[in-house]
Each structure stands twice: as structure tokens, then as C-alpha cells.
Amino acid sequence: MITEQLAALVRKAVLAARDAGDLPLDDTEVQVSLETPRNKQHGDYSSNIALTLKKATGIPDSREIATRILKHLPADSGLIERAEVAGPGFLNFYLNPSWLHDMLVRIEQEDQRYGASNERAGETVLLEFVSANPTGPISVVNGRAAALGDVLGNLLAAQGCTVRREFYINDALNSTQIDKFAETIAVRYMQHLGYPVLMPPRDPSAESVVEPPLAPPEDGRERPPIPFPENGYRGDYMKEIAREILEEFGRAYEHLEQAERARAFRDAALQRCLNMQRSALEAFGIVYDCWFHESSLYENGEVERTLATLKARGFTYEKEGALWLCSTQFGDDKDRVLVRSNEKATYIAADIAYHDNKFRRGHDRLINIWGADHHGYVSRLKAGIAALGYDPNRLEIILTQMVSLLRDGEPVMGGKRHGNVIELKEDMLDEIGKDAARFYFLLSSYENPATVDLELAKKQSNENPVYYVQYAHARLCNILRRAEEAGISVRPAHAVHRALLAHPAELDVLRKLADFPEEVALAARDYAPHRLTRYAMDLAGLLNIFYENCRVLSGQEETVPAELTEARLALVNGARITLRNLLGLLGISAPERM
RNA sequence: GCGCCCGUAGCUCAGUGGAUAGAGUACCUGACUUCGGAUCAGGUGGUCGGGAGUUCGAAUCUCUCCGGGCGCGCCA
């Protein structure tokens with residue numbers, strides 16, 4: 001990559017200067033960092049090495065240090081055209097145009113692989129993301145995690161990692177949440193059979209309300225109201241699932257005990273809820289390698305075995321009838337219950353077993369993406385796997401901040417239908433589409449709370465950054481198409497006069513294209529897909545400027561020399577490849593026409 | 001109360017300790033009806049929440065105050 005090559009050159013120069021006696025330096029490590037200056041006047045790349053060596057060399061004038069380093073800079077690298085000392089002592093570098101021109105050859109050769117590397121080949125990563133409870137719809141916050149996780153997967157794969165995407169289904173039989181879910185379904189089922197439902201108030205000071213039956217009773221006889229479960233799931237989607245359950249199971253379950261009814265419906269209802277989640281995620285372009293059932297950890301004894309291991313390693317104790325994990329020994333702020341006094345294992349017990357399972361399957365690195373509201377949970381899970389003897393640093397937990405939606409300048413509130421959650425598919429995807437939703441999610445860093453203005457993302461779609469980027473791609477494709485129609489073949493980059501690409505707009509595009517592999521690597525390293533959406537906007541902008549200033553094909557008013565057309569077609573093709581790969585990494589379509 | 005995160009242009013957000021803090025959008029002005037105008041050029045707009053410190057240099061690191069979000073279950 002460019003900065004690595006440049007850094008190597010500068011390091012060489014520093015050492016040469018030292019060996020020649022120009023720089024009084026010990027054997028201290030020479031750390032060279034390169035940056036791209038904001039200001040174009042300051043070159044394509046710049047290094048602050050002279051400023052940082054002030055102390056070590058004892059030379060107070062950084063410009064003097066810079067000058068001495070410059071003297072020893074290898075001249076034959078081919079990468080840089082010139083270098084100069086500027087400002088308080090920066091070394092500014094200007095890339096050699098012919099080196100830039102040759103990027104087009106490389107881009108064409110690598111084609112689908114341009115931007116990718118084998119830097120992290122051999123590393124296996126398990127990415128777990130979304131993992132929403134199977135008791136409700138996929139929310140907008142889940143959507144942000146989904147976009148982040150999916151693109152992170154693409155990025156890591158592009159660095160050579162073997163990536164596995166996984167969704168953890170919290171379907172344990174001993175989960176109180178699942179019990180509530182099943183009970184709620186059972187009550188709604190009865191409501192479909194003609195029973196009123198007694199809804200407890202949300203806030204204790206209010207009165208209970210009786211909801212009428214969802215359908216008249218078959219025999220017309222009025223039924224007594226059934227109490228809605230305490231902390232049950234209030235969303236209307238539960239009524240829909242219950243109606244489907246009624247269709248599947250028939251009316252015969254009316255006279256069972258409430259608990260039995262709940263048990264009978266539980267699995268089928270969960271499955272329906274899960275299908276709802278899966279189709280929402282598929283509409284968002286997310287496909288998992290594995291949907292992992294928490295329940296399987298109980299069925300094949302892994303929870304038991306993990307508990308036994310923790311006991312054997314001496315990190316548990318019994319208190320008040322429960323089994324506790326000594327998580328404070330591993331940095332947690334309090335010890336945690338693994339097995340309740342009613343003998344049911346807790347969520348964390350299963351989760352530790354799950355992460356043990358992830359490691360046992362041979363993954364080097366585990367990445368979990370959670371909502372920020374789970375941050376209190378991080379240290380206890382890490383403590384759990386540390387207690388099992390794993391290095392907790394092999395597990396990385398990314399916490400995404402909240403997302404809110406704005407419509408007409410007002411925050412979008414979750415509808416009653418979805419139990420007051422803002423739903424990904426209906427509140428967002430159906431309105432602005434998959435591509436725009438992904439782009440907006442990926443526009444800001446996951447570390448910061450984000451707001452998506454739906455009016456902006458949809459109604460003014462022409463001004464939308466995502467369309468701006470896609471339009472640039474479609475334009476490039478159009479030029480290539482027109483060339484073909486005119487009988488002009490797109491010759492390979494190595495066979496054209498690349499030196500003709502000397503217009504500033506052309507060189508700007510080339511520099512941006514050359515940056516792409518590094519940009520991908522940084523986005524992967526920092527878990528920062530938003531770097532790529534920014535890059536995409538930059539590149540699209542440069543391409544439009546190029547388009548405005550540099551005609552590729554001869555037209556009625558302007559004729560372009562054949563050789564220049566060839567060279568520009570090569571540039572167009574290289575840009576097309578880069579933009580297409582970029583959008584591919586983001587999971588956003590790259591249309592050839594719009 | 002304790003812990004974590006966040007305060008950057010009217011709005012939404014970038015900004016790896018570096019040079020004059022940027023982009024999109026909004027608003028104003030102009031170009032061009034083309035290899036698709038879903039375009040381009042220019043302009044208005046900032047005490048980087050306040051204060052102190054660290055150093056050659058701070059939006060970035062430290063401390064403190066103010067403001068906002070989230071978490072502190074034998075729930076998940």
C-alpha cells in the first residue's frame with residue numbers, strides 16, 4: 001500500500017542520514033507515520049517525522065531535520081515525483097503520475113479482487129450480530145447492527161479472513177421471556193375464540209382495561225375475561241401469530257389449562273416469529289451461515305458441561321440456594337448467578353457455553369455486535385470465558401449506539417402493532433429501500449447515536465448520496481456502452497497511452513482509485529465501514545468532475561483524439577471496477593442504468 | 001449515587017496529536033439541455049458545550065463543570 005511504501009522510503013532516508021552522520025540518533029525505533037493532508041497544497045502525502053525527531057536529535061529546527069532527511073531520500077523509487085520541506089518541518093510527497101497511471105493496469109488485472117488482500121489469510125472469525133429475541137420484530141437498531149455486521153464480514157473476508165455470520169436464537173426452554181411469549185400467544189388465541197382479555201395497566205396508577213374478543217364466540221355465549229400475563233408482549237403482531245396458530249391447531253385447545261396451552265403453542269409460535277425476523281433480514285440483504293439455537297446447548301448437555309468445568313476450575317460457589325460465578329476475579333463488578341435457586345440455569349450460563357462452543361469450533365476471533373444498552377453485560381461474559389481459560393481478548397464486543405428516525409422533523413415512534421418498537425422493514429425498508437437504508441446506517445460511525453431523516457432519504461431521493469454514488473457508476477457504464485455502440489473497443493490499460501491522462505481531474509480520480517485498497521484495509525482494521533461510504537461520495541464527486549471536464553468520446557461539437565479516448569476509456573473502466581467493488585462491499589447494488 | 005457513551009455549520013454527520021476544522025443537506029448566485037442535469041462552478045454559515053492542564057502543536061490526550069443518552073435483576 002502507498003503509505004507503507006512511503007513510510008519505508010522515509011525510514012530508509014532517516015537511517016541513511018544517521019549513518020552518514022547528519023542526524024544524531026540512538027538506535028531508537030524510528031516510527032514513521034504518513035498522512036494525507038487536508039490541503040492539496042501540501043502534497044499527496046505528508047510525514048511529520050522531522051517534528052517528532054526534534055527531541056531525539058536535539059536539533060531545535062524541524063525544517064533543518066527535514067532537509068537533512070530529504071537529502072538521503074532514495075531517488076529511484078518510481079513512487080514519488082518530488083518531495084519537499086514545508087511549513088514547520090513537514091515532508092510533503094507528490095506521487096509520480098506514471099506510477100498512478102500504472103494503477104489502471106493493476107486494477108484491471110485484479111478486477112473483482114481489487115481492494116482485497118491476503119493480509120489476514122488463515123484467520124477465522126465468527127461474527128455474531130442482531131441475535132434479537134425471537135419474541136418480536138426486527139427493529140431499526142437491529143438493522144444498524146445488521147448492516148454493520150454484514151459489511152464487517154465483507155471487509156474481513158476481503159482481508160483474507162474466513163468469516164462466519166451467525167444469529168443466536170434465544171429459545172431456551174427455561175427462559176422466562178419465552179414463557180411470557182408463549183403465555184401471551186395462548187391468551188391471544190383465546191381472544192380469537194371469543195374471550196375478552198383483561199389488560200393490566202402499563203403504569204400502576206392506572207386502571208385495568210378489558211379488551212373485547214377478536215372474534216365472536218362460536219356458540220354466541222359470552223365468555224369470562226382472561227387475564228393478560230404480567231409483562232406479556234403487548235404488540236399487535238402477537239394477535240396475528242395467535243390467529244395463525246388458531247388456523248394451524250384448530251379450536252380444540254380452548255379447554256386446556258392455560259399453562260398447557262402455552263406449552264403446546266410455544267414452538268410453533270416461536271418458529272413464526274423467527275420466520276418474520278428472517279424475512280425482514282433477507283429483505284435487507286442479510287444472509288447468515290448459521291442460526292444457532294440456544295436450546296441446542298441444553299439438549300446436548302453443553303450448558304451442563306460448561307457449568308461442570310467452571311466448578312472444577314474453582315470459579316463458582318453456592319449461596320442462598322443458587323450457584324454463582326466468581327466473575328469479580330476477572331474484572332466484573334459483581335459476581336453473577338449461573339443457576340437460580342429454582343435450579344434453572346441463567347442466560348449467562350448458556351451464553352458462556354455458547355462462546356465455549358464458538359471457540360471449540362476453531363474460530364480464532366469472536367466478534368459480537370450488541371446494542372449499547374447491553375454494555376453492562378460485556379464484563380460478565382468476558383469474565384465467563386476467562387474463567388474457562390480462554391484469553392478474553394479473543395472476544396471483541398462492538399456496541400452500537402441507538403438509531404432514531406425522523407419523519408417531517410418529528411421522531412418516529414414505535415407503533416402499537418410492533419409493541420412500540422420501530423420496525424426495520426415496515427418503518428424503514430418499505431419506505432426508502434434497502435440500498436438507501438444500508439447507506440444511511442453506514443454513513444456514521446456505530447459508536448455515535450445516529451438519526452436518519454426519512455424524508456431526506458426518500459422524498460428527496462434525487463439529492464440522496466446513495467443515488468449520487470450509484471449514478472456515477474451508471475454513468476461510467478453508459479460511457480463504456482456508448483463506446484461499444486460506436487465500434488470503439490475498450491483496450492486493456494497496459495496497451496494504451498496512459499501518460500495522456502494528465503488533466504487534474506484525471507489525476508485526482510487516479511489518486512483516489514489508488515487509495516482504495518488502503519481504505520478497505522483501514523475500514524476492516526478499525527471496524528469502520530463508514531469510511532467506505534465517505535470514500536464512495538468522494539470518488540463519485542471526483543468522477544462527476546472528470547466527466548464534466550474530460551470528454552471521453554467524440555461528440556458533435558467536440559472531437560477527442562483516438563488515443564486520448566482509449567486512455568480515458570481505460571480510466572473509466574478502472575473507476576467502474578473500483579466503484580462496483582466498493583458498492584459490493586457495502587452490500588449496495590451497483591446499477592448499470594438508472 | 002456508581003459505571004459506560006455522546007456534545008463539531010440551521011439540520012444529519014466526518015475528522016488516524018499536525019499546517020487555513022470538512023462533507024451532505026438547507027439557503028443564495030451562476031453554467032450547461034450533455035458521453036443520461038440524479039451534473040458542475042461559486043457564496044452565506046463554526047467560541048469544535050464551558051474552563052483548566054499536558055507539548056513544538058489539541059476537535060482529538062488528562063482533569064473538572066454543564067447538558068443529553070444508556071446501563072446498574074436469581075430478565076434476556
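Worth knowing before you read on, the calculation uses all heavy atoms, side chains too, and leaves out hydrogens, waters and symmetry mates.
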| request: Provide the distance between the two P atoms, one in B/C6 and one in B/G45, to the nearest whole Å. | output: 31 Å
| Phosphate-side-chain proximity, A/Arg482 and B/G36, N/O vs OP1/OP2 below 4.0 Å | yes
| query | Are a donor atom and an acceptor atom from the side chains of A/Asn357 and A/Glu302 found within less than 3.5 Å of each other? | reply | yes
| said: Between B/G68 and B/C63, how far apart are the two P atoms, rounded to whole Å? | reply: 22 Å
| task | For A/Leu381 and A/His355, work out which heavy atoms get closest and say how close. | result | CD2-CE1, 3.5 Å
| Is A/His530 touching bases, backbone alone, or none of the nucleic acid, heavy atoms closer than 4.0 Å? | sugar-phosphate
| Distance-only polar pair, side chains of A/Asn478 and A/Arg475, donor-acceptor under 3.5 Å | no
| note | Separation between CZ (A/Arg38) and OG1 (A/Thr36), nearest 0.5 Å, reads 9.0 Å
| said: Under 4.0 Å, counting only non-hydrogen atoms across every strand here, what does A/Arg593 touch: a base, just sugar-phosphate, or nothing? | reply: base
| query | Ignoring hydrogens and angles, are the base of B/A19 and the side chain of A/Ser46 linked by a donor-acceptor pair under 3.5 Å? | reply | yes
| query | Within less than 4.0 Å of OP1 or OP2 of B/U39, is there a side-chain N or O belonging to A/Tyr467? | reply | no
| said: For the P atoms, the ones on B/G18 and on B/A58, what distance do you get once it is rounded to whole angstrom? | reply: 11 Å
| remark: In 5'-to-3' order, the base (B), backbone-only (S) or no-contact (-) status of each nucleotide in nucleotides 1-9 of chain B, using a 4.0 angstrom heavy-atom cut-off, is --BBSS---
| Nearest to the side chain of A/Pro37 - B/A38, B/A19, B/C70? | B/A19
| query | What does A/Ile545 touch in the nucleic acid at a heavy-atom separation under 4.0 angstrom: a base, only the sugar-phosphate, or nothing? | reply | sugar-phosphate
| note | Taking for A/Thr451 and for A/Gly555 the nucleotide of RNA chain B with the nearest heavy atom, the one nearer the 5' end belongs to A/Thr451
| said: Students often get this wrong, so: under 4.0 angstrom with heavy atoms, is A/Ala474 touching a base, only sugar-phosphate, or nothing? | reply: base
| field | Mutual orientation of the aromatic rings belonging to A/Phe315 and A/Phe330 [parallel < 30°, tilted 30-60°, perpendicular > 60°] | value | perpendicular
| said: Heavy atoms only, 4.0 Å cut-off, all strands: where does A/Lys334 land among base, sugar-phosphate and nothing? | reply: sugar-phosphate
| Any N/O donor-acceptor pair, A/Ser341 side-chain to B/C74 base, under 3.5 Å | yes
| request: Assess the side chains of A/Asn142 and A/Ser139: does a donor N or O sit below 3.5 Å from an acceptor N or O? | output: yes
| query | Would you say A/Asn544 reaches B/U39's phosphate, i.e. side-chain N/O to OP1/OP2 under 4.0 Å? | reply | no
| message | Categorize A/Cys550 for me: base, sugar-phosphate, or nothing, with a 4.0 angstrom heavy-atom threshold over every strand shown. | response | base
| query | Considering only heavy atoms and no angle criterion, is a donor-acceptor pair shorter than 3.5 Å present between the side chain of A/Asn549 and the base of B/A41? | reply | no
| message | Looking at the base of B/G18, is there any donor atom on it, or on the side chain of A/Asn48, that sits under 3.5 Å from an acceptor on the other one? | response | yes
| message | Rounding to an integer number of Å, can you tell me how far A/Lys55 NZ sits from B/G57 P? | response | 10 Å
| query | So what does A/Arg38 hit on the nucleic acid, given a heavy-atom distance under 4.0 Å: a base, only sugar-phosphate, or nothing? | reply | base
| field | Geometric class of the A/His374/A/Tyr377 ring pair [parallel <30°, tilted 30-60°, perpendicular >60°] | value | perpendicular
| said: Between B/A19 and B/U60, how far apart are the two P atoms, rounded to whole Å? | reply: 13 Å
| said: Over all strands shown, is A/Arg551 touching base, sugar-phosphate only, or nothing at heavy-atom distances under 4.0 angstrom? | reply: base
| task | Would you please test A/Asp335 and A/Lys319 for salt bridge (Lys or Arg N to Asp or Glu O under 4.0 Å) and show each step? | result | CA-CA 11 Å; A/Asp335 288 343; A/Lys319 191 179 85 179; over 6 Å; no
| query | So what does A/Ser175 hit on the nucleic acid, given a heavy-atom distance under 4.0 Å: a base, only sugar-phosphate, or nothing? | reply | sugar-phosphate
| task | Search all heavy atoms of A/Thr52 against all heavy atoms of A/Ile49 and return the closest pair with its distance. | result | OG1-O, 2.7 Å
| said: At 4.0 Å (heavy atoms only), tell me whether A/Tyr440 reaches a base, stays on the sugar-phosphate, or touches nothing. | reply: nothing
| Pairing pattern in dot-bracket form [Watson-Crick, G-U; both distances under 3.5 Å; | = partner strand] for RNA chain B | (((((((..((((....[...)))).(((((.......))))).....(((((..]....))))))))))))....
| task | Look at all strands and tell whether A/Met537 reaches a base, only sugar-phosphate, or nothing, counting heavy atoms closer than 4.0 Å. | result | sugar-phosphate
| said: Between A/Tyr440 and A/Asn464, do the side chains contain a donor N or O and an acceptor N or O under 3.5 Å apart? | reply: yes
| remark: A/Leu522 atom CG is separated from B/A14 atom C1', nearest whole Å, by 15 Å
| request: Specify the separation, in whole Å, of atom CH2 of A/Trp370 and atom P of B/G71. | output: 15 Å
| field | A/Tyr94 six-ring centre to A/Arg82 NZ/CZ under 6.0 Å and within 45° of normal | value | yes
| message | What is the separation between atom OH on A/Tyr446 and atom P on B/C13, rounded to the nearest whole Å? | response | 17 Å
| Is the distance from OP1 or OP2 of B/A76 to the nearest side-chain N or O of A/Arg340 less than 4.0 Å? | yes
| said: Can you tell me how the ring of A/Trp324 sits relative to the ring of A/Tyr317, calling it parallel under 30°, perpendicular over 60° and tilted otherwise? | reply: parallel
| message | Need one value for A/Asp171: base, sugar-phosphate or nothing, where a base atom within 4.0 Å counts as base even if backbone is also close, heavy atoms only. | response | nothing
| request: Using a heavy-atom cut-off of under 4.0 Å over every strand shown, decide if A/Ser379 touches base, sugar-phosphate, or nothing. | output: nothing
| For A/Ser47 and A/Gly376, take the nucleotide of RNA chain B holding the closest heavy atom to each; which residue's nucleotide lies nearer the 5' end? | A/Ser47
| Rounded C1' spacing from B/C72 to B/G57 in Å | 41 Å
